[in-house]
Structures are given as C-alpha cells and as structure tokens.
Q: 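One structure coming up, written as structure tokens, with questions to follow.
Computed from a predicted structure; not experimentally measured.
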Amino acid sequence: MKVLIVDDDPGLRDGLSRFLKLEGYNVVAQNSPVDALDLTRQAPFDLILCDVRMPEMDGPEFLRRYKEAGGAALVIMMSAYGTEDAAIEAMKRGAYDYLSKPFRPDEVTLTLRKAQEREQLRDQVASLEAELAKWRDHDLVAQSPAMRRVMELAARVAPHTTTVLVTGESGTGKEVLARKIHAMSPRCEGPFVALNCGAIPESLLESELFGHAKGAFTGATSKRRGLYEEADGGTLLLDEIGDLPLPLQVKLLRVLQEGEIRPVGHPGVRKVDVRVVAATARDLEQDVEAGLFREDLYYRLNVIRIHVPPLRERQEDLEPLVFALFQRSMERTGQRVTVTPEVLAAICQRPWPGNVRELENAIERAVVLSPNGKVPAEAFAASAEAPSAASGNGQNGQDRGPLPLKVAVSRAEREAIQAALSAAGRNRAEAAKILGVSIRSLFYKLKQHAI
C-alpha cells in the first residue's frame with residue numbers, strides 16, 4: 001500500500017516514514033503541500049497522512065484541491081493540540097479520519113488498518129454491484145447461493161473459448177445464461193446465434209447448421225450461409241443438443257475438433273471461429289448409455305458444465321423474480337397492476353414445474369386479464385385443467401389397486417402434457433419447451449393420447 005505523508009515538521013515526517021516502512025508500507029514524504037499535490041497528479045496513492053496546519057497551505061485546503069482534482073485516496077488529517085476542530089471540519093469535507101499529535105505508533109497502525117479494510121470493502125461492494133448490474137441486464141435474478149455459484153462459474157469461463165454445456169430443466173433460463181456468457185466474453189461485439197436442434201426438421205437441420213451450395217438439393221435455388229458461419233467471430237448456442245440426430249452428431253464433432261465446416265453440396269471446407277455453448281434439459285449420460293448420443297461428442301461438449309437449478313431449489317430468488325417479471329410484463333403490455341401480499345403468497349405456494357418460463361407466462365396472463373389493475377390471488381391457483389393424480393383411477397378418485405406399468409406410464413405422460421399445455425396457455429411450442437421435448441415429439445404425443 002502506497003502512503004503519502006505531508007507535514008512541514010521534519011522530525012515527525014522522518015520518524016513516521018521510518019516506522020511505516022518497517023510496517024511494510026511504501027512511503028513517500030513531502031514537506032510542501034503544493035509539491036505533494038503535484039506528486040498525486042503523477043502517481044496514485046492509497047492513503048495520505050496530512051498535517052492540518054502548514055505555512056504554504058493548510059490541510060483542509062490541501063484536501064479540497066486534492067478532491068477537486070479527482071483524488072481517490074483516503075485522507076487522514078494529523079492535528080496538533082488546538083487544531084482538532086479544523087480536523088473535524090476536514091472530515092465533514094471528505095477526510096476519512098484524524099490523528100491527534102502526539103500519537104503512539106499503535107494508534108497510527110490501527111487507523112491505517114481500518115482505512116485499508118474500508119477500501120477493501122468498498123472495492124468488493126463496487127465489484128459486486130457492477131457484476132449484479134450486468135446480470136440484471138439479462139433478467140437473471142441471483143440471490144440464492146445456488147444461482148450465485150452459477151454466476152461465478154459463468155464469469156470465470158466467459159473470457160475463454162472453451163466449450164460450455166449448460167444443463168437444467170426446461171424453463172430455467174439456459175439460453176439467458178448462454179447470452180450472458182457471450183456478453184461477458186471478448187466476443188461480445190460479435191454475433192450471438194441460437195439454434196434449437198429439436199425445432200428444425202431433420203432433413204433441413206444440416207443445411208440450417210452448415211449452409212448449402214446452390215442446387216445441393218431440391219429447392220436449393222441459391223447458395224445459403226448456415227448458422228455456424230453466421231456465428232463466425234461470436235457464439236453459437238446449440239439448444240436442445242440432445243435432439244441432434246446421430247448422423248449430424250458425427251459432423252458436429254468434426255467441426256468442433258477441426259474448426260472447419262463443409263456446406264451441403266459444396267466440395268470445399270471453410271474455416272470458422274465460433275465459441276459453442278450447448279444446452280439441454282435431457283440427461284445426456286443416459287442418452288449415451290442408450291446409444292442415442294455419441295460418447296465422444298458428449299465429452300467434447302462437456303468441457304465445462306454449468307447446471308442451472310430449478311426454481312423450486314432457489315426459493316430466495318422467487319420473490320425478487322416475481323417483481324422483476326411483473327415489471328417487465330407491465331412494460332411490455334402497457335398495463336399497470338398491483339401485486340398484493342396475497343398474490344405473492346399464492347405464487348410462492350406453487351411448485352412451478354415449468355420454472356421461470358411457466359412463471360413468466362402465468363404473470364403475463366394475469367397482467368393482461370386482471371380487472372381494474374388488481375391481480376386476484378386466484379389467478380395463480382393450481383389450474384383446474386391440470387388433472388389430479390387420482391383422476392381416472394376409480395370412482396370418486398379412489399384407487400382400485402396397482403395398474404400395469406404401461407398404463408401407468410401412459411397416464412402419467414398424458415397428465416404431464418395436459419399440465420404443460422395449461423401452464424403455457426395452450427401454446428404448443430411453449431408446452432414443448434416446458435416438457436423438454438421437440439415440437440415434433442409433442443405433436444406425436446398429442447395425437448397418440450387424443451389430446
């Protein structure tokens with residue numbers, strides 16, 4: 001820590017300098033406050049010990065000029081008998097503390113240590129506030145220890161080009177986290193491109209990812225760049241990576257290893273500089289064991305894994321998240337509503353299996369439909385459309401005994417789909433996201449269960 005001593009008394013100045021150097025401080029001593037001000041313009045100091053009474057310029061005037069010039073060091077005034085009032089006045093103008101002459105060495109040490117601790121605390125608070133402000137820009141509420149760990153790991157990995165695998169249930173905010181990693185990275189000025197691997201028909205997915213040459217297939221009337229090439233110099237999010245077909249998994253692995261893409265129907269390869277973030281709600285390890293996902297690609301993607309916990313495991317985030325989502329919904333819809341304690345209690349009592357996405361949809365629906373700007377607590381009661389666990393099990397909901405496994409699984413699947421549709425306001429695309437399946441899979445299941 002660099003300390004500047006400003007005092008016209010050579011005995012005190014030299015003695016204090018020797019003592020502080022023995023204590024490990026980097027000390028510069030000046031007898032002239034004018035020369036001391038010049039020194040502060042040339043190099044920064046952490047602490048300044050300044051006498052109150054000096055012939056060229058008194059301590060309070062030195063403090064005023066130092067602060068006006070943008071000085072950020074903590075200033076401690078040194079006052080002799082009869083000048084305490086001037087020292088106290090200097091503290092009102094921004095001095096950190098004062099020492100009364102003559103002072104003992106331990107008084108100086110204690111005062112400087114307190115000043116150091118204050119500076120360290122101030123730096124920590126400023127750093128934390130700056131980091132939280134960045135995350136607030138991306139609608140990520142992180143007051144719980146679990147989400148703070150997510151934030152810390154994302155901040156550590158962001159500056160690198162390392163592939164990241166983001167896991168978590170549907171609706172937890174995996175894409176939001178991926179965008180945050182991009183925003184904190186040196187690639188932040190480059191493009192951020194997202195592809196939902198489960199939302200594109202398998203026959204078109206390769207062209208969508210890597211592009212195609214003119215005439216590569218029926219309907220390819222012109223050359224087209226793929227999303228991988230569009231993300232050159234930036235970040236590519238491969239959402240729902242578990243839905244990527246096995247033939248494309250082989251090609252993606254090669255691209256990750258070689259940094260080259262081959263557009264469909266094109267004879268050559270193109271170099272690309274893309275940072276890949278993959279996201280999934282599925283258990284890829286189980287998919288590897290089942291032969292649905294390549295083991296080598298899994299290990300290539302799983303260099304750094306960040307797991308986003310579900311909403312039920314971070315209750316500390318729920319209340320601030322509710323108010324943030326209400327605010328955003330009001331800004332988006334132009335509606336103004338009042339959130340009562342009863343509404344907040346009703347929200348906090350719900351399990352929210354669809355996580356933040358389900359909560360956001362429910363809040364927006366409540367904002368749009370609320371009469372007279374008052375949100376009724378009933379708007380967040382368990383939906384009547386979601387069937388109970390006992391429905392269909394027998395008369396009056398009474399269990400008739402064990403069911404065959406196939407029937408029990410089919411019934412549970414049907415109930416889960418109906419609950420997701422209800423949570424998504426009958427929006428099938430949103431329901432598919434809540435369930436963690438592709439829209440194609442959902443359409444198949446809707447037909448299978450006659451929903």
Q: Kindly indicate whether the side chain of Tyr98, heavy atoms from C-beta on, has any atom under 4.5 Å from the side chain of Met91.
A: yes
Q: Begin with the C-alpha distance, continue with both residues' side-chain angles, and end with the deciding distance and a verdict on side chain to side chain contact (heavy atoms under 4.5 Å, CB included) for Arg275 and Ile181.
A: CA-CA 10 Å; Arg275 198 260 183 88; Ile181 292 171; 3.9 Å; yes
Q: For Lys223, does the NZ atom sit with more than 12 other heavy atoms under 6.0 Å from it, leaving out its own atoms?
A: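 It does not: Lys223 NZ has 12 such atoms or fewer within range.
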Q: Is the closest side-chain donor-acceptor distance between Glu208 and Tyr228 under 3.5 Å?
A: no
Q: Using a 6.0 Å cut-off, check whether atom CZ of Arg113 has over 12 heavy atoms from anything other than its own residue.
A: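 Not more than 12 within 6.0 Å, no.
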Q: Which atom pair, heavy atoms only, marks the closest approach of Ala90 to Met77?
A: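 Closest heavy-atom pair between Ala90 and Met77: CB-CG, 3.8 Å.
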Q: With heavy-atom distances below 4.5 Å as the criterion, would you say the side chains of Val303 and Arg300 are in contact?
A: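 Touching, per the 4.5 Å side-chain cut-off.
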Q: Under 6.0 Å from the CZ atom of Arg93, do we count more than 12 heavy atoms belonging to anything else shown?
A: no
Q: Check Ile347 against Val322 and note the closest heavy-atom contact, atom names and distance.
A: CG2-CG2, 3.6 Å
Q: Applying the side-chain contact (heavy atoms from CB on, under 4.5 Å) criterion to Gln30, which one of Leu39, Asp7, Asp8 satisfies it?
A: Leu39
Q: Is there a side-chain contact between Pro145 and Glu316 (heavy atoms, below 4.5 Å)?
A: yes
Q: Are there over 12 heavy-atom neighbours, none belonging to Glu189, within less than 6.0 Å of that residue's CD?
A: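 Counting other residues, nucleotides and ligands, CD of Glu189 stays at 12 neighbours or fewer.
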Q: Got Ile417 and Leu442 here, is their nearest side-chain heavy-atom distance under 4.5 Å?
A: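 Touching, per the 4.5 Å side-chain cut-off.
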Q: Can Arg65 and Glu68 be counted as an ion pair, charged N to O under 4.0 angstrom?
A: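 Judged by the 4.0 Å cut-off on N to carboxylate O distance, Arg65 and Glu68 do not form a salt bridge.
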Q: Look at the aromatic rings of His182 and Phe192 and report parallel, tilted or perpendicular, splitting at 30° and 60°.
A: tilted
Q: Under 4.5 Å between any side-chain heavy atoms of Leu321 and Leu359, yes or no?
A: yes
Q: Does CZ in Arg428 sit with more than 12 non-hydrogen atoms of other residues, nucleotides or ligands closer than 6.0 Å?
A: no
Q: Could you walk me through whether Glu117 and Lys114 pass the salt bridge (charged side-chain N to carboxylate O under 4.0 Å, His left out) check?
A: CA-CA 5 Å; Glu117 290 171 359; Lys114 283 169 54 183; over 6 Å; no
Q: Closest approach of Pro263 and Gly268, non-hydrogen atoms and distance?
A: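 Closest approach of Pro263 to Gly268: CD-O, 4.1 Å.
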Q: Evaluate the salt bridge (charged side-chain N to carboxylate O under 4.0 Å, His left out) criterion for residues Lys271 and Asp232: first the C-alpha distance (whole Å), next the side-chain angles of each, then the deciding distance (0.1 Å), finally the verdict.
A: CA-CA 9 Å; Lys271 280 283 185 183; Asp232 196 15; over 6 Å; no
Q: Quick check: closest heavy atoms across Thr333 and Val367, and the distance to 0.1 Å?
A: OG1-CG1, 3.6 Å
Q: Decide if atom CD of Glu202 counts as having more than 12 heavy atoms of other residues, nucleotides or ligands within a radius under 6.0 Å.
A: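 Count not over threshold, so no.
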Q: Side chain to side chain contact (heavy atoms under 4.5 Å, CB included) for Leu195 and Glu240? Distances and angles first, verdict last.
A: CA-CA 9 Å; Leu195 171 67; Glu240 301 303 341; over 6 Å; no
Q: Rounded to the nearest 0.5 Å, how far does CG of Asp317 lie from CG of Leu311?
A: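 Going from CG on Leu311 over to CG on Asp317, the span is 7.5 Å.
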Q: Count the heavy atoms of every other residue, nucleotide or ligand shown that sit under 6.0 Å from NZ of Lys2, and state whether that count exceeds 12.
A: yes
Q: Got a donor-acceptor contact below 3.5 angstrom from the Arg282 side chain to the Asp287 backbone?
A: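 The answer is no, because no donor-acceptor pair under 3.5 Å joins these two groups.
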Q: Quick one: are Glu358 and Arg350 in side-chain contact, heavy atoms under 4.5 Å?
A: yes
Q: So Val3 and Asp46, side chain to side chain contact (heavy atoms under 4.5 Å, CB included) or not? Walk me through it.
A: CA-CA 6 Å; Val3 178; Asp46 300 301; over 6 Å; no
Q: I'd like to know whether CZ of Phe103 has more than 12 heavy-atom contacts from other residues, nucleotides or ligands below 6.0 angstrom.
A: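 Counting neighbours around CZ of Phe103, more than 12 heavy atoms of other residues, nucleotides or ligands fall under 6.0 Å, so yes.
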Q: For Ala158 and Ser185, work out which heavy atoms get closest and say how close.
A: O-CB, 3.1 Å
Q: So which heavy atom on Ala73 is nearest to which on Leu47, and how close?
A: CB-N, 4.1 Å
Q: Under the criterion side chain to side chain contact (heavy atoms under 4.5 Å, CB included), I'd like the reasoning laid out for Leu301 against Leu238: C-alpha separation, chi angles, the key distance, then a yes or no.
A: CA-CA 11 Å; Leu301 293 171; Leu238 297 176; 5.5 Å; no
Q: Short question: side chain of Ser370, backbone of Gly373 - any donor-acceptor pair under 3.5 Å?
A: no
Q: Among Leu4, Val6, Ile5, find the one that has a side-chain contact (heavy atoms from CB on, under 4.5 Å) with Cys50.
A: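 Among Leu4, Val6, Ile5, the one that satisfies the side-chain contact (heavy atoms from CB on, under 4.5 Å) with Cys50 is Val6.
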Q: If we only count heavy atoms from C-beta on, is the Arg312 to Pro351 side-chain gap below 4.5 Å?
A: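 No, their side chains stay 4.5 Å or more apart.
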Q: Indicate yes or no: at least one non-hydrogen side-chain atom of Leu205 is less than 4.5 angstrom from one of Leu248.
A: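 A side-chain contact exists here, since the closest heavy-atom pair is under 4.5 Å.
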